[in-house]
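The next block holds one structure in the form of C-alpha coordinates; read it before the comments.
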Amino acid sequence: MTSPLIGQLIEALRCLPGVGPKSAQRMAYHLLERDHAGARQLAEALEAAVEQVGHCQRCRTLSEQALCAVCASEKRDRGLLCVVESPIDVQAILQGTDYAGMFFVLMGHLSPLDGIGPEAIGLDQLATLLDSGEIREVILATNPTVEGEATAHYIAEMVKRRAIPVSRIAHGVPMGGELEYVNSSTLAQALAGRQPIG
Amino acid sequence: MSAARSSIHAASLEEAFVLHSRPYRDTSLLLEVFSRDQGRLGLVARGARRGRKRLAEQLQPFAPLLLSWRGQGELLTLTGAEPAGPALLPTTGGLFSGFYLNELLIRLLHRGDPHPHLFDVYRQTLALLGQGTDEEAVLRRFERLLLQEIGYGLQLEREAGSGAPVAPGRLYDYLPEQGPVPAGEGESRGVRVHGQTLLALARDGELDAEGRREAKRLMRAALAVHLGDRPLQSRELYRRQRLL
(Lines give C-alpha, C1' and ligand atoms only; values in the text may rest on other atoms or scores of the structure.)
Protein backbone atom coordinates (compact mmCIF):
# COMPACT_ATOMS: atom_id res chain seq x y z
CA MET A 1 0.00 0.00 0.00
CA THR A 2 1.26 3.46 -0.83
CA SER A 3 0.34 6.48 1.24
CA PRO A 4 -2.17 8.89 -0.34
CA LEU A 5 0.46 11.54 -1.18
CA ILE A 6 2.82 9.07 -2.82
CA GLY A 7 -0.08 7.53 -4.70
CA GLN A 8 -1.08 10.99 -5.88
CA LEU A 9 2.45 11.71 -7.10
CA ILE A 10 2.60 8.39 -8.98
CA GLU A 11 -0.73 9.13 -10.61
CA ALA A 12 0.39 12.68 -11.52
CA LEU A 13 3.61 11.47 -13.15
CA ARG A 14 1.62 9.25 -15.45
CA CYS A 15 0.49 12.29 -17.46
CA LEU A 16 3.97 12.28 -19.05
CA PRO A 17 4.25 10.59 -22.45
CA GLY A 18 5.60 7.05 -22.26
CA VAL A 19 5.19 6.81 -18.49
CA GLY A 20 3.13 3.86 -17.29
CA PRO A 21 2.32 2.84 -13.71
CA LYS A 22 5.63 1.03 -13.17
CA SER A 23 7.90 3.83 -14.37
CA ALA A 24 5.79 6.42 -12.55
CA GLN A 25 6.33 4.47 -9.35
CA ARG A 26 10.08 4.26 -9.96
CA MET A 27 10.26 8.01 -10.61
CA ALA A 28 8.23 8.87 -7.50
CA TYR A 29 10.38 6.73 -5.20
CA HIS A 30 13.58 8.00 -6.80
CA LEU A 31 12.57 11.63 -6.21
CA LEU A 32 11.46 11.03 -2.62
CA GLU A 33 14.24 8.66 -1.57
CA ARG A 34 17.32 9.96 -3.33
CA ASP A 35 16.80 13.36 -4.88
CA HIS A 36 14.86 15.73 -2.67
CA ALA A 37 16.59 18.81 -4.11
CA GLY A 38 15.92 17.69 -7.66
CA ALA A 39 12.30 17.06 -6.79
CA ARG A 40 11.90 20.54 -5.35
CA GLN A 41 13.56 22.06 -8.39
CA LEU A 42 11.27 20.07 -10.71
CA ALA A 43 8.20 21.19 -8.77
CA GLU A 44 9.24 24.84 -8.91
CA ALA A 45 10.20 24.78 -12.59
CA LEU A 46 6.97 23.05 -13.47
CA GLU A 47 4.86 25.45 -11.46
CA ALA A 48 6.57 28.53 -12.91
CA ALA A 49 6.35 27.26 -16.49
CA VAL A 50 2.69 26.30 -16.19
CA GLU A 51 1.87 29.68 -14.63
CA GLN A 52 3.80 31.86 -17.02
CA VAL A 53 4.22 30.20 -20.40
CA GLY A 54 1.62 31.28 -22.91
CA HIS A 55 1.73 31.92 -26.63
CA CYS A 56 3.86 34.40 -28.56
CA GLN A 57 1.62 37.16 -29.95
CA ARG A 58 3.25 37.04 -33.33
CA CYS A 59 4.07 33.40 -34.10
CA ARG A 60 1.91 31.54 -31.53
CA THR A 61 4.77 29.38 -30.27
CA LEU A 62 5.11 28.70 -26.55
CA SER A 63 6.68 31.66 -24.77
CA GLU A 64 6.49 33.43 -21.41
CA GLN A 65 7.18 36.78 -23.07
CA ALA A 66 4.66 38.60 -25.25
CA LEU A 67 7.12 38.01 -28.09
CA CYS A 68 9.22 34.82 -28.18
CA ALA A 69 13.03 34.98 -28.54
CA VAL A 70 12.88 34.37 -32.30
CA CYS A 71 10.26 37.05 -32.93
CA ALA A 72 12.05 39.53 -30.66
CA SER A 73 15.43 38.99 -32.33
CA GLU A 74 16.80 41.90 -34.37
CA LYS A 75 19.14 39.68 -36.34
CA ARG A 76 16.61 37.54 -38.17
CA ASP A 77 15.11 38.16 -41.61
CA ARG A 78 11.62 39.49 -40.86
CA GLY A 79 10.45 39.12 -44.44
CA LEU A 80 10.85 35.35 -44.53
CA LEU A 81 8.16 33.25 -42.83
CA CYS A 82 8.24 29.50 -42.22
CA VAL A 83 4.91 27.87 -41.24
CA VAL A 84 5.18 24.79 -39.01
CA GLU A 85 2.76 22.63 -37.01
CA SER A 86 4.33 22.67 -33.55
CA PRO A 87 6.91 24.41 -31.32
CA ILE A 88 9.09 21.29 -31.53
CA ASP A 89 9.33 21.82 -35.30
CA VAL A 90 10.67 25.33 -34.66
CA GLN A 91 13.40 23.85 -32.45
CA ALA A 92 14.21 21.19 -35.06
CA ILE A 93 14.67 23.81 -37.78
CA LEU A 94 16.64 26.19 -35.55
CA GLN A 95 18.97 23.42 -34.42
CA GLY A 96 19.31 21.55 -37.69
CA THR A 97 19.45 24.26 -40.36
CA ASP A 98 20.80 27.75 -40.96
CA TYR A 99 17.32 29.16 -41.61
CA ALA A 100 17.41 32.79 -40.56
CA GLY A 101 13.79 33.91 -40.97
CA MET A 102 10.72 33.98 -38.78
CA PHE A 103 8.16 31.28 -37.91
CA PHE A 104 4.44 30.87 -37.61
CA VAL A 105 3.31 27.95 -35.44
CA LEU A 106 -0.12 26.49 -36.18
CA MET A 107 -0.24 24.34 -33.02
CA GLY A 108 -1.83 21.58 -35.10
CA HIS A 109 -3.14 20.99 -38.59
CA LEU A 110 -6.45 21.13 -40.44
CA SER A 111 -8.39 17.96 -39.79
CA PRO A 112 -11.96 18.25 -41.04
CA LEU A 113 -12.97 14.85 -39.71
CA ASP A 114 -11.92 15.92 -36.22
CA GLY A 115 -13.67 19.27 -36.62
CA ILE A 116 -10.38 21.21 -36.62
CA GLY A 117 -10.86 24.12 -38.99
CA PRO A 118 -8.90 27.25 -39.99
CA GLU A 119 -9.62 29.24 -36.79
CA ALA A 120 -8.41 26.46 -34.52
CA ILE A 121 -4.95 26.66 -36.09
CA GLY A 122 -4.76 30.46 -36.06
CA LEU A 123 -5.18 31.10 -39.77
CA ASP A 124 -7.08 34.35 -39.11
CA GLN A 125 -3.99 35.54 -37.23
CA LEU A 126 -1.76 34.36 -40.09
CA ALA A 127 -3.93 36.33 -42.53
CA THR A 128 -3.39 39.49 -40.47
CA LEU A 129 0.36 38.87 -40.48
CA LEU A 130 0.37 38.35 -44.26
CA ASP A 131 -1.65 41.55 -44.71
CA SER A 132 0.84 43.56 -42.66
CA GLY A 133 3.05 43.85 -45.74
CA GLU A 134 6.11 42.71 -43.81
CA ILE A 135 6.28 39.21 -45.32
CA ARG A 136 8.18 38.77 -48.59
CA GLU A 137 8.21 34.99 -48.85
CA VAL A 138 6.44 32.06 -47.18
CA ILE A 139 7.83 28.53 -46.72
CA LEU A 140 5.34 25.80 -45.80
CA ALA A 141 6.92 23.21 -43.51
CA THR A 142 3.88 21.31 -42.24
CA ASN A 143 4.31 17.55 -41.80
CA PRO A 144 4.22 15.32 -44.89
CA THR A 145 0.99 13.64 -43.77
CA VAL A 146 -2.32 13.90 -45.58
CA GLU A 147 -3.55 16.49 -43.06
CA GLY A 148 -0.26 18.38 -43.20
CA GLU A 149 -0.44 18.52 -46.99
CA ALA A 150 -4.05 19.71 -46.92
CA THR A 151 -3.05 22.42 -44.46
CA ALA A 152 -0.14 23.48 -46.69
CA HIS A 153 -2.46 23.56 -49.68
CA TYR A 154 -5.00 25.73 -47.85
CA ILE A 155 -2.37 28.20 -46.61
CA ALA A 156 -0.74 28.30 -50.05
CA GLU A 157 -4.07 29.55 -51.44
CA MET A 158 -4.20 32.28 -48.77
CA VAL A 159 -0.66 33.38 -49.57
CA LYS A 160 -1.04 33.31 -53.35
CA ARG A 161 -4.08 35.53 -53.16
CA ARG A 162 -1.85 38.17 -51.62
CA ALA A 163 0.71 37.83 -54.40
CA ILE A 164 3.44 36.67 -52.01
CA PRO A 165 5.80 33.92 -53.26
CA VAL A 166 5.16 30.62 -51.46
CA SER A 167 6.97 27.28 -51.50
CA ARG A 168 6.64 23.85 -49.87
CA ILE A 169 9.64 22.08 -48.33
CA ALA A 170 10.92 19.20 -50.48
CA HIS A 171 9.89 15.61 -49.82
CA GLY A 172 12.33 12.83 -50.44
CA VAL A 173 14.71 10.14 -49.30
CA PRO A 174 16.23 10.84 -45.88
CA MET A 175 20.00 11.41 -45.76
CA GLY A 176 21.83 8.31 -44.61
CA GLY A 177 18.81 6.18 -45.49
CA GLU A 178 18.49 3.26 -47.87
CA LEU A 179 16.09 3.28 -50.81
CA GLU A 180 14.89 -0.21 -50.01
CA TYR A 181 13.38 0.96 -46.73
CA VAL A 182 11.79 4.16 -47.96
CA ASN A 183 8.00 3.92 -48.24
CA SER A 184 6.49 3.99 -51.72
CA SER A 185 4.81 7.43 -51.45
CA THR A 186 8.08 9.03 -50.39
CA LEU A 187 9.95 7.30 -53.18
CA ALA A 188 7.34 8.45 -55.72
CA GLN A 189 7.66 12.02 -54.41
CA ALA A 190 11.44 11.81 -54.51
CA LEU A 191 11.41 10.69 -58.15
CA ALA A 192 8.84 13.30 -59.16
CA GLY A 193 10.84 16.02 -57.39
CA ARG A 194 14.24 14.97 -58.80
CA GLN A 195 16.77 17.70 -59.48
CA PRO A 196 19.27 18.12 -62.31
CA ILE A 197 22.91 17.78 -61.34
CA GLY A 198 24.53 21.01 -62.41
CA MET B 1 -26.70 -11.37 -36.90
CA SER B 2 -25.55 -9.91 -33.63
CA ALA B 3 -23.89 -13.17 -32.59
CA ALA B 4 -21.50 -12.91 -35.53
CA ARG B 5 -20.54 -9.34 -34.54
CA SER B 6 -19.11 -10.39 -31.22
CA SER B 7 -17.28 -13.38 -32.63
CA ILE B 8 -13.59 -13.34 -33.39
CA HIS B 9 -12.62 -11.38 -36.47
CA ALA B 10 -9.48 -12.06 -38.41
CA ALA B 11 -8.24 -11.06 -41.82
CA SER B 12 -4.98 -11.48 -43.60
CA LEU B 13 -3.71 -8.87 -46.06
CA GLU B 14 -7.12 -7.64 -47.08
CA GLU B 15 -7.54 -4.70 -49.45
CA ALA B 16 -8.35 -1.60 -47.45
CA PHE B 17 -8.06 2.17 -47.15
CA VAL B 18 -7.55 4.22 -44.02
CA LEU B 19 -10.43 6.71 -43.78
CA HIS B 20 -9.20 8.48 -40.69
CA SER B 21 -6.59 8.07 -38.01
CA ARG B 22 -5.90 9.74 -34.74
CA PRO B 23 -3.25 9.34 -32.08
CA TYR B 24 -4.07 6.89 -29.30
CA ARG B 25 -2.06 6.69 -26.09
CA ASP B 26 1.62 7.48 -26.54
CA THR B 27 2.62 5.45 -29.55
CA SER B 28 -0.52 4.01 -31.09
CA LEU B 29 -3.11 5.04 -33.65
CA LEU B 30 -6.86 4.56 -33.77
CA LEU B 31 -7.83 3.86 -37.36
CA GLU B 32 -11.14 4.00 -39.13
CA VAL B 33 -10.68 1.66 -42.05
CA PHE B 34 -12.75 0.77 -45.14
CA SER B 35 -11.95 -2.78 -46.20
CA ARG B 36 -13.18 -4.42 -49.35
CA ASP B 37 -14.67 -7.55 -47.84
CA GLN B 38 -15.52 -6.56 -44.27
CA GLY B 39 -16.60 -2.95 -44.76
CA ARG B 40 -15.85 -0.18 -42.28
CA LEU B 41 -13.86 -1.20 -39.21
CA GLY B 42 -12.19 0.35 -36.19
CA LEU B 43 -8.60 -0.83 -35.73
CA VAL B 44 -5.94 -0.08 -33.16
CA ALA B 45 -2.43 0.11 -34.60
CA ARG B 46 -0.30 -0.49 -31.52
CA GLY B 47 3.11 1.12 -31.49
CA ALA B 48 2.53 2.61 -34.96
CA ARG B 49 4.06 5.94 -33.99
CA ARG B 50 7.39 4.67 -32.73
CA GLY B 51 10.26 2.57 -33.92
CA ARG B 52 12.64 2.89 -36.81
CA LYS B 53 10.26 1.66 -39.44
CA ARG B 54 7.28 3.72 -38.52
CA LEU B 55 4.01 2.11 -39.48
CA ALA B 56 2.22 5.46 -39.24
CA GLU B 57 3.93 6.63 -42.42
CA GLN B 58 2.20 3.87 -44.34
CA LEU B 59 -1.17 4.18 -42.68
CA GLN B 60 -2.13 7.38 -44.51
CA PRO B 61 -5.54 7.93 -46.09
CA PHE B 62 -6.00 7.62 -49.87
CA ALA B 63 -3.27 4.99 -50.35
CA PRO B 64 -4.28 1.40 -51.20
CA LEU B 65 -3.16 -0.95 -48.44
CA LEU B 66 -3.20 -4.61 -47.54
CA LEU B 67 -4.14 -4.90 -43.87
CA SER B 68 -4.30 -7.78 -41.44
CA TRP B 69 -6.19 -7.69 -38.18
CA ARG B 70 -7.62 -9.81 -35.45
CA GLY B 71 -9.80 -9.35 -32.42
CA GLN B 72 -13.25 -9.25 -30.98
CA GLY B 73 -15.96 -6.64 -30.61
CA GLU B 74 -15.95 -3.08 -31.94
CA LEU B 75 -12.24 -2.37 -31.89
CA LEU B 76 -9.86 -4.82 -33.54
CA THR B 77 -6.09 -4.98 -33.51
CA LEU B 78 -4.03 -4.32 -36.60
CA THR B 79 -1.48 -7.11 -37.02
CA GLY B 80 0.12 -6.15 -40.32
CA ALA B 81 0.14 -3.54 -43.07
CA GLU B 82 1.66 -3.44 -46.50
CA PRO B 83 1.37 -0.78 -49.17
CA ALA B 84 -0.49 -1.90 -52.30
CA GLY B 85 0.53 0.97 -54.53
CA PRO B 86 1.16 4.70 -54.40
CA ALA B 87 -1.38 7.12 -52.91
CA LEU B 88 -4.19 7.76 -55.36
CA LEU B 89 -4.63 11.40 -54.40
CA PRO B 90 -1.52 13.42 -55.04
CA THR B 91 -0.72 15.99 -52.40
CA THR B 92 -1.23 18.86 -54.79
CA GLY B 93 -4.98 18.66 -55.13
CA GLY B 94 -8.12 16.72 -54.49
CA LEU B 95 -7.37 16.21 -50.79
CA PHE B 96 -10.38 18.23 -49.68
CA SER B 97 -12.69 16.18 -51.89
CA GLY B 98 -11.01 13.08 -50.49
CA PHE B 99 -11.82 14.14 -46.92
CA TYR B 100 -15.41 14.65 -48.04
CA LEU B 101 -15.63 11.08 -49.40
CA ASN B 102 -14.13 9.72 -46.20
CA GLU B 103 -16.49 11.68 -44.01
CA LEU B 104 -19.49 10.43 -46.00
CA LEU B 105 -18.33 6.82 -45.62
CA ILE B 106 -17.76 7.22 -41.89
CA ARG B 107 -21.13 8.84 -41.38
CA LEU B 108 -23.22 6.60 -43.64
CA LEU B 109 -21.74 3.08 -43.45
CA HIS B 110 -22.29 0.83 -40.48
CA ARG B 111 -19.23 -0.87 -39.07
CA GLY B 112 -18.87 -4.43 -40.26
CA ASP B 113 -21.28 -4.20 -43.22
CA PRO B 114 -19.37 -5.31 -46.32
CA HIS B 115 -19.68 -3.17 -49.47
CA PRO B 116 -17.22 -4.61 -52.00
CA HIS B 117 -18.82 -2.80 -54.93
CA LEU B 118 -18.71 0.55 -53.13
CA PHE B 119 -15.09 -0.15 -52.24
CA ASP B 120 -14.26 -0.45 -55.93
CA VAL B 121 -16.24 2.72 -56.67
CA TYR B 122 -14.35 4.54 -53.90
CA ARG B 123 -10.97 3.45 -55.26
CA GLN B 124 -11.98 4.48 -58.77
CA THR B 125 -13.29 7.83 -57.48
CA LEU B 126 -9.99 8.57 -55.73
CA ALA B 127 -8.09 7.69 -58.90
CA LEU B 128 -10.28 10.01 -60.98
CA LEU B 129 -9.87 12.86 -58.49
CA GLY B 130 -6.13 12.23 -58.48
CA GLN B 131 -6.01 12.53 -62.25
CA GLY B 132 -7.81 15.85 -62.02
CA THR B 133 -10.97 14.59 -63.77
CA ASP B 134 -13.96 16.97 -63.48
CA GLU B 135 -14.28 17.05 -59.70
CA GLU B 136 -17.97 17.90 -59.44
CA ALA B 137 -19.08 15.17 -61.84
CA VAL B 138 -16.91 12.62 -60.02
CA LEU B 139 -18.37 13.60 -56.64
CA ARG B 140 -21.98 13.51 -57.88
CA ARG B 141 -21.44 10.02 -59.26
CA PHE B 142 -19.93 8.82 -55.98
CA GLU B 143 -22.82 10.30 -53.97
CA ARG B 144 -25.38 8.61 -56.21
CA LEU B 145 -23.67 5.21 -56.02
CA LEU B 146 -23.16 5.53 -52.26
CA LEU B 147 -26.87 6.16 -51.70
CA GLN B 148 -27.71 3.24 -53.96
CA GLU B 149 -25.31 0.96 -52.10
CA ILE B 150 -26.77 1.72 -48.67
CA GLY B 151 -30.28 1.05 -49.95
CA TYR B 152 -31.51 4.59 -50.63
CA GLY B 153 -30.94 4.81 -54.37
CA LEU B 154 -32.48 7.85 -56.02
CA GLN B 155 -35.31 7.49 -58.48
CA LEU B 156 -34.08 9.62 -61.38
CA GLU B 157 -35.58 8.31 -64.58
CA ARG B 158 -39.24 7.87 -63.60
CA GLU B 159 -41.72 10.13 -61.85
CA ALA B 160 -42.73 9.27 -58.30
CA GLY B 161 -46.28 7.95 -58.14
CA SER B 162 -47.20 7.76 -61.81
CA GLY B 163 -43.98 6.04 -62.91
CA ALA B 164 -44.03 8.02 -66.14
CA PRO B 165 -40.62 8.51 -67.76
CA VAL B 166 -38.86 11.76 -66.86
CA ALA B 167 -38.90 14.21 -69.79
CA PRO B 168 -35.66 16.15 -70.35
CA GLY B 169 -37.33 19.49 -70.99
CA ARG B 170 -39.71 19.38 -68.05
CA LEU B 171 -39.30 20.95 -64.62
CA TYR B 172 -39.69 18.72 -61.55
CA ASP B 173 -39.85 19.00 -57.79
CA TYR B 174 -37.65 16.27 -56.38
CA LEU B 175 -39.02 15.00 -53.10
CA PRO B 176 -36.26 13.29 -51.10
CA GLU B 177 -37.11 9.65 -50.34
CA GLN B 178 -39.81 9.68 -53.04
CA GLY B 179 -38.65 11.00 -56.37
CA PRO B 180 -39.49 13.64 -58.95
CA VAL B 181 -43.00 14.97 -59.42
CA PRO B 182 -43.93 17.49 -62.11
CA ALA B 183 -43.36 20.98 -60.70
CA GLY B 184 -46.58 22.69 -59.72
CA GLU B 185 -47.34 26.38 -59.47
CA GLY B 186 -45.54 28.46 -56.84
CA GLU B 187 -43.09 27.25 -54.18
CA SER B 188 -41.23 24.01 -54.78
CA ARG B 189 -42.12 21.25 -52.37
CA GLY B 190 -38.70 19.66 -52.78
CA VAL B 191 -35.67 20.48 -54.88
CA ARG B 192 -36.55 22.05 -58.20
CA VAL B 193 -34.64 20.39 -61.06
CA HIS B 194 -34.91 19.98 -64.80
CA GLY B 195 -35.60 16.55 -66.27
CA GLN B 196 -32.33 16.67 -68.16
CA THR B 197 -30.40 17.09 -64.89
CA LEU B 198 -32.06 13.98 -63.46
CA LEU B 199 -31.31 11.99 -66.60
CA ALA B 200 -27.72 13.18 -66.76
CA LEU B 201 -27.22 12.18 -63.10
CA ALA B 202 -28.70 8.75 -63.78
CA ARG B 203 -26.48 8.14 -66.80
CA ASP B 204 -23.34 10.03 -65.78
CA GLY B 205 -23.99 12.53 -68.58
CA GLU B 206 -22.62 16.01 -69.05
CA LEU B 207 -24.23 18.92 -67.21
CA ASP B 208 -24.16 22.63 -67.93
CA ALA B 209 -23.59 25.21 -65.18
CA GLU B 210 -27.24 25.33 -64.15
CA GLY B 211 -27.51 21.56 -64.27
CA ARG B 212 -24.49 21.26 -61.99
CA ARG B 213 -26.04 23.60 -59.45
CA GLU B 214 -29.30 21.62 -59.54
CA ALA B 215 -27.46 18.31 -59.21
CA LYS B 216 -25.48 19.56 -56.25
CA ARG B 217 -28.60 20.84 -54.46
CA LEU B 218 -30.42 17.59 -55.16
CA MET B 219 -27.62 15.39 -53.83
CA ARG B 220 -27.21 17.60 -50.80
CA ALA B 221 -30.91 17.26 -49.96
CA ALA B 222 -30.86 13.50 -50.60
CA LEU B 223 -27.81 13.00 -48.35
CA ALA B 224 -29.17 15.32 -45.64
CA VAL B 225 -32.01 12.88 -44.96
CA HIS B 226 -29.47 10.27 -43.87
CA LEU B 227 -26.80 12.53 -42.38
CA GLY B 228 -29.09 14.15 -39.82
CA ASP B 229 -28.49 17.59 -38.34
CA ARG B 230 -24.75 17.43 -37.73
CA PRO B 231 -23.05 19.36 -40.59
CA LEU B 232 -20.29 17.79 -42.66
CA GLN B 233 -16.99 19.28 -41.51
CA SER B 234 -15.22 18.60 -44.79
CA ARG B 235 -17.91 20.45 -46.74
CA GLU B 236 -17.51 23.47 -44.48
CA LEU B 237 -13.74 23.47 -45.01
CA TYR B 238 -14.22 23.13 -48.75
CA ARG B 239 -16.59 26.09 -48.73
CA ARG B 240 -14.16 28.16 -46.64
CA GLN B 241 -11.35 27.43 -49.05
CA ARG B 242 -13.39 28.67 -51.99
CA LEU B 243 -14.16 31.89 -50.09
CA LEU B 244 -10.50 32.68 -49.36
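Quick note: numbers below take in every heavy atom, side chains included, and nothing from hydrogens, waters or symmetry partners. Below, read A as the first sequence line, B as the second, and so on, with proteins coming before strands; counting in each chain starts at 1.
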Are B:F17 and B:Y122 close enough that their ring centres sit under 6.0 Å apart?
yes
Should the pair A:E44-A:R40 be classified as a salt bridge under the 4.0 Å nitrogen-to-oxygen rule?
no
Heavy-atom proximity to chain A below 4.5 Å, by part of B:P83
side chain
Between A:G117, A:A188, A:G18, which has the largest tally of heavy atom pairs under 4.5 Å with chain B?
A:G18
Based on non-hydrogen pairs under 4.5 Å, which of A:R168, A:E147, A:R161 is most in contact with chain B?
A:R161
Does CD belonging to A:E64 count more than 12 external heavy atoms closer than 6.0 Å?
yes
Taking only Lys NZ, Arg NE, NH1 and NH2, and the carboxylate oxygens of Asp or Glu, determine whether B:R140 and B:E135 approach each other closer than 4.0 Å.
no
Ranked by heavy-atom pairs below 4.5 Å to chain A, first place among B:E236, B:H20, B:E103, B:R107 goes to B:H20
Crowding at CZ, B:R22 (>12 non-hydrogen neighbours, <6.0 Å)
no
Interchain contact, A:L110 with chain B, by part (heavy-atom threshold 4.5 Å):
side chain
CD of A:E47: more than 12 outside heavy atoms within 6.0 angstrom?
no
Proximity breakdown for B:R242 and chain A, heavy-atom pairs closer than 4.5 Å:
backbone
Which bit of B:I106 comes within less than 4.5 Å of chain A, counting heavy atoms only: side chain, backbone, both or neither?
side chain
Heavy-atom contact with chain B under 4.5 Å, split by part of A:S111
side chain
Keeping the roles fixed (side chain from A:R136, backbone from A:L80), state whether a donor-acceptor pair exists under 3.5 Å.
no
Checking heavy atoms, do the side chain of B:F62, its backbone, both or neither come under 4.5 Å from chain A?
side chain
